[in-house]
Amino acid sequence: MEENHTHTHSHPHHHTNTKAVLNRMNRAIGHMEAVKTMIEDGRDCSEVLIQIAAVRSAINNIGKIILEDHINHCLVDAVESGDEQVLKDLNDAISKFVK
C-alpha cells in the first residue's frame, strides 16, 4: 500500500504544546479585537501601531512554538521513518513563515 504524501504525513502528530498554542491564539485574537475597537473608537494611530506590533510579536511567538514542536516531534518521527516529504514541507513552511 502506497502512502500519500501530499501535505499529509505518514506518522501521527503528537504535539505537546497544543494547549499552550491555543491559549496564546485566544489571547492574540482577543488582542486583535481590542485593536479593532481602538480603530473604531478613533484612537491615536501611534497607539494602534504599537498594539499591532504587539499582536505581530505574539503571532510570531506562536509560530515559533509550533515550529519547535514540529521539529521535536514530527520531524524526528519523519527522519526515523525515512519520510523525506516532511523535510520538504518544513522547508516550504519555514520559507513562508520567515518572509
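Predicted model only: the values in this text are computed from it and were never measured.
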Hey, could you give me each pair passing side chain to side chain donor-acceptor pair (under 3.5 Å) that has a residue in residues 51-63? Not counting sequence neighbours.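 Listed once each, the pairs are His31-Gln51.
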Just to verify, which of Val21, Leu22, Asn23, Asn17 counts as forming a side-chain contact (heavy atoms from CB on, under 4.5 Å) with Lys19?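 Looking at Val21, Leu22, Asn23, Asn17, the match for Lys19 under the side-chain contact (heavy atoms from CB on, under 4.5 Å) is Asn23.
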Report whether [X] and [Y] are members of the same hydrophobic cluster (ILVMFWY, side-chain heavy atoms less than 4.5 Å apart, transitive linking).
X	Y	value
Val86	Val76	no
Ile71	Val98	yes
Val55	Met38	yes

Check: Gln85/Asp89 side-chain N/O donor and acceptor closer than 3.5 Å: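 Judged by distance alone, the side chains do pair up.
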When you look at CD of Glu47, are more than 12 heavy atoms from neighbouring residues, nucleotides or ligands closer to it than 6.0 Å?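 Result for CD/Glu47: enclosed.
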Please check if the number of heavy atoms outside Met32 that lie under 6.0 Å from its CE is greater than 12.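 Atom CE in Met32 is not crowded, with 12 or fewer foreign heavy atoms closer than 6.0 Å.
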Can you tell me how far the [atom1] atom of [X] sits from the [atom2] atom of [Y], to the nearest 0.5 Å?
X	Y	atom1	atom2	answer
Arg24	Ile59	CZ	CD1	12.5 Å
Ile50	Asp44	CD1	CG	8.0 Å
Ile65	Met25	CD1	CE	11.0 Å

Between Leu67 and Leu90, does the side-chain contact (heavy atoms from CB on, under 4.5 Å) criterion hold? Intermediate values first, please. CA-CA 9 Å; Leu67 180 58; Leu90 177 60; 3.6 Å; yes
Taking Asp92 first and then Lys88, would you say they form a salt bridge - that is, a charged N and a carboxylate O separated by under 4.0 Å?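 Yes.
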Ignoring hydrogens and angles, tell me if any N or O in the side chain of Asp41 forms a donor-acceptor pair with the backbone of Arg43 under 3.5 Å.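 Absent.
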